[in-house]
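In what follows, a structure is listed as structure tokens, so that the remarks can point back to it.
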Amino acid sequence: FSKLAVHRLNVWIDQRKSLTPGQKYAYWEHLGVKFRAEIGPQEAEAKTICLSKTTRPGDLAKRWKNVKVKGKGDIHALLQQLKQEGLKFINLEVPCQDCASFDYT
């Protein structure tokens with residue numbers, strides 16, 4: 001995830017086993033997190049993610065399923081999409097040689 005940090009993204013992995021996915025979503029939404037990337041076993045195998053955007057806690061999230069992130073072009077397309085959806089601070093001008101070797105591990 002340090003590969004995403006060069007583009008000014010703050011990445012957190014919620015590994016709490018005591019909460020359901022919905023409880024985790026609500027927790028982060030109430031902290032003001034508007035975007036989340038969901039990567040479960042199926043997404044990891046397919047090298048895709050599910051992106052969600054919530055404008056207010058409790059609102060229905062806008063979702064993009066099966067977003068491909070297999071290579072550098074996919075990752076930069078994803079970052080561009082996030083920037084267009086409201087993450088204006090994303091820096092796409094930073095050279096990112098490592099993005100081509102993005103790994104789910």
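Computed from heavy atoms alone, side chains included, the values below leave out hydrogens, waters and symmetry copies. All residue numbers refer to positions in the sequence shown, counting from 1.
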Check your understanding: Between Gln23 and Thr20, is there a donor-acceptor pair closer than 3.5 Å when you use the side chain of the first and the backbone of the second?
Key -> yes

**Study point:** Backbone of Gly40 reached by a side-chain donor or acceptor of Glu43 within 3.5 Å
**Key:** yes

Review point. With clusters built from Ile, Leu, Val, Met, Phe, Trp and Tyr whose side-chain heavy atoms come within less than 4.5 Å, directly or transitively, what are the remaining members of the cluster of Trp28, listed by chain and number?
Key: Trp12, Tyr27, Leu31, Val33

Study note, to complete from the structure: Contacts of Lys24 meeting salt bridge (Lys or Arg N to Asp or Glu O under 4.0 Å) (sequence neighbours excluded), chain-then-number -> none

Study note, to complete from the structure: The reported gap from CG in Asn66 to OG1 in Thr48 (rounded to nearest 0.5 angstrom) is 5.0 Å

Review point. Distance from Lys62 atom NZ to Leu51 atom CG, nearest 0.5 Å?
Key: 10.5 Å

**Study point:** Residues which pass side chain to side chain contact (heavy atoms under 4.5 Å, CB included) with Asp59, listed by chain and number, not counting sequence neighbours
**Key:** Thr54, Thr55, Arg56

Study note, to complete from the structure: Students should find that the hydrophobic cluster of Leu60, defined by side-chain heavy atoms under 4.5 Å apart, otherwise consists of none

Exercise for review: Identify, with sequence neighbours excluded, every residue that meets side-chain hydrogen bond (donor to acceptor under 3.5 Å, both in side chains) alongside Ser18.
Suggested key: none

**Study point:** Listed partners of Lys34 passing salt bridge (Lys or Arg N to Asp or Glu O under 4.0 Å), at least two apart
**Key:** none

Check your understanding: Looking at residues at least two apart in the chain, or sitting in another chain, which of them share a side chain to side chain contact (heavy atoms under 4.5 Å, CB included) with Glu38?
Key -> Tyr25, Arg36, Cys50, Ser52, Arg63

Practice item. List in chain and number order the residues that pass side chain to side chain contact (heavy atoms under 4.5 Å, CB included) with Phe35, two or more places apart in sequence or in another chain; answer none if no residue qualifies. Key: Lys53, Leu82, Glu85, Leu87

